[in-house]
Amino acid sequence: MQQLTASVDLERRMQVAANAPQRLLMLDYDGTLAPFQVDPALALPYPGLTDLLERLAGQGTRIVVVTGRPADQCERLLAVRFPLEIWGCHGGERRLPDGSAWRHELSALQAVGLLRATAIKQAVQALGGRLEIKRLAVAAHHRGCPAQAVHAIRALVRGDWQALARQFDLSVVEFDGGLELRLPGLGKAHAVEVMLAEAPTALPIAFLGDDETDEDGFRAVRGRGLGVLVRPELRPTAADLWIQPPEELFWFLERWGGLTG
Ligand SMILES: [Mg+2]
């Protein structure tokens with residue numbers, strides 16, 4: 001564990017959160033709650049984490065998952081036994097605990113752009129990578145590929161998608177293990193900002209994430225809550241605190257959530 005922003009009184013923030021009757025906990029999924037797998041369908045939460053989230057939810061912590069995955073996919077993998085709020089597709093969809101949902105819609109132009117982005121599917125596969133077609137994005141994964149293949153996939157994807165982004169009102173973003181073509185303006189900051197606007201001023205808030213795509217969430221939560229980078233290695237970040245999963249993740253959640261003294 002390492003505190004990264006000297007201006008934050010971490011000890012006091014932890015105590016205030018632990019003693020509060022309610023809290024808002026925003027969590028990324030892949031790399032944060034679940035270790036990476038080459039096949040994302042196998043990315044299950046750390047052992048014991050689901051139980052911990054259920055205990056937190058039972059003790060006044062509102063748990064919201066903010067993920068790049070579609071919400072229903074993330075819900076199946078996490079499989080908690082309480083009604084969960086999920087923001088999926090990098091802020092592009094929101095599912096509330098009561099089952100009601102909101103989804104951002106693609107313009108006709110953007111839909112054509114995403115369809116065209118799949119034209120490189122076979123070329124990416126031939127290099128050992130994988131193209132994932134989502135409702136609001138197309139992702140090119142190169143996790144687990146040799147360095148030379150990673151370089152080739154990135155060059156291919158960038159070359160093709162940068163032009164599509166300009167033409168079809170889309171945006172190319174980096175994530176840990178690949179590149180994604182998606183809608184501009186969407187991102188985790190959007191989800192975080194909406195939840196901050198809805199939250200009472202004094203509510204303790206934390207946002208936990210691991211990836212480049214979580215950095216705008218860390219920036220958005222700054223001033224209102226704690227940004228926590230969950231990652232085996234430290235990297236340049238806007239987060240206030242760095243913790244290494246899984247041990248320090250459990251430590252943080254239990255302590256911040258008021259489950260330990
Ligand atoms: Mg992640």
Side-chain angles (χ1 to χ4, degrees), residues 24-57 61-106 114 130-141 143 173-183 186-195 206-218 220-221 228-231 245-246 249-250 253 257:
L24 170 60
L25 177 62
M26 297 177 277
L27 301 160
D28 167 54
Y29 185 73
D30 290 277
T32 301
L33 302 184
F36 283 113
Q37 302 286 342
V38 172
D39 179 356
L42 303 177
L44 294 172
Y46 288 110
L49 189 81
T50 315
D51 288 344
L52 174 56
L53 294 182
E54 286 168 1
R55 283 168 61 212
L56 288 166
T61 301
R62 177 181 160 208
I63 294 170
V64 181
V65 174
V66 185
T67 175
R69 288 183 189 256
D72 56 351
Q73 192 186 88
C74 190
E75 192 171 33
R76 279 196 301 275
L77 287 168
L78 191 53
V80 289
R81 287 166 295 191
F82 62 88
L84 185 66
E85 176 169 350
I86 303 186
W87 285 79
C89 300
H90 293 289
E93 59 173 343
R94 182 184 195 183
R95 181 169 317 172
L96 291 158
D98 66 5
S100 63
W102 164 92
R103 294 184 356 168
H104 191 92
E105 295 302 331
L106 288 171
L114 289 179
R130 192 174 60 82
L131 218 62
E132 182 187 3
I133 299 160
K134 308 183 192 182
R135 199 178 62 80
L136 298 176
V138 181
H141 296 270
R143 179 172 297 282
V173 293
E174 300 266 349
F175 65 90
D176 202 345
L179 294 160
E180 185 165 290
L181 184 68
R182 65 168 161 168
L183 310 193
L186 284 185
K188 296 200 178 180
H190 170 64
V192 171
E193 282 161 6
V194 170
M195 283 183 290
F207 174 76
L208 277 62
D210 70 300
D211 203 341
E212 288 295 334
T213 57
D214 296 310
E215 288 295 327
D216 66 351
F218 296 142
V221 82
V228 183
L229 179 69
V230 183
R231 196 179 161 83
L249 171 67
F250 280 77
L253 292 176

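The figures that follow rest on heavy atoms only: side chains count, while hydrogens, waters and symmetry mates do not. Residue numbers run from 1 in the order of the sequence given. These numbers come from a predicted model, not from an experiment.
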Quick one: list whatever passes side-chain hydrogen bond (donor to acceptor under 3.5 Å, both in side chains) with [X], sequence neighbours left out.
X     : result
Asp28 : Thr32, Lys188
Arg94 : Glu85, Glu198
Asp98 : Ser100

Looking only at heavy atoms, what is the nearest atom pair of [X] and [Y], with distance?
X      : Y      : value
Val66  : Phe207 : CB-CE1, 4.3 Å
Pro70  : Cys89  : CA-SG, 3.9 Å
Pro35  : Leu44  : CD-O, 3.4 Å
Tyr46  : Pro245 : OH-CB, 3.5 Å
Pro45  : Leu78  : CG-CD1, 3.8 Å
Trp102 : Gly92  : CZ3-O, 3.6 Å

Straight-line distance of [X] [atom1] to [Y] [atom2], nearest 0.5 Å:
X      : Y      : atom1 : atom2 : value
Asp211 : Thr67  : CG    : OG1   : 10.0 Å
Asp72  : Leu77  : CG    : CG    : 10.0 Å
Leu27  : Leu249 : CG    : CG    : 8.0 Å
His104 : Leu136 : NE2   : CG    : 7.0 Å
Asp210 : Glu215 : CG    : CD    : 10.0 Å
Arg135 : Glu105 : CZ    : CD    : 5.5 Å

Handout entry: N/O donor-acceptor pair under 3.5 Å between Lys134 side chain and Gly68 backbone
Key =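 Pair found, side chain donor or acceptor close to backbone of Gly68.
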Practice task
Provide the full list of ring-ring contact (aromatic ring centres under 6.0 Å, His included) pairs with a residue in residues 73-95, sequence neighbours left out, each pair given once.
Solution key: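 Applying ring-ring contact (aromatic ring centres under 6.0 Å, His included) to every pair that reaches into residues 73-95, excluding sequence neighbours, yields Trp87-His190.
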Residues that [X] engages under salt bridge (Lys or Arg N to Asp or Glu O under 4.0 Å), provided they are two or more places apart:
X      : value
Asp30  : Arg69
Asp51  : Arg81
Arg143 : Asp176
Glu193 : none

Practice task
With sequence neighbours left out, write down each residue that passes side chain to side chain contact (heavy atoms under 4.5 Å, CB included) with Ala71, or none if nothing qualifies.
Solution key: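 With neighbours one apart ignored, the set is Ile86, Glu93, Arg95.
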Handout entry: Close side-chain approach of Leu53 to Leu84, heavy-atom, < 4.5 Å
Key =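 They are not in side-chain contact.
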Problem - Those residues that, when tested against Tyr29, pass ring pair (Phe, Tyr, Trp, His ring centres under 6.0 Å) (two or more places apart) - result: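 Checked Tyr29 against ring pair (Phe, Tyr, Trp, His ring centres under 6.0 Å); zero matches.
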Exercise for the section: Evaluate the side chain to side chain contact (heavy atoms under 4.5 Å, CB included) criterion for residues Leu25 and Leu208: first the C-alpha distance (whole Å), next the side-chain angles of each, then the deciding distance (0.1 Å), finally the verdict. Expected result: CA-CA 8 Å; Leu25 177 62; Leu208 277 62; 4.0 Å; yes
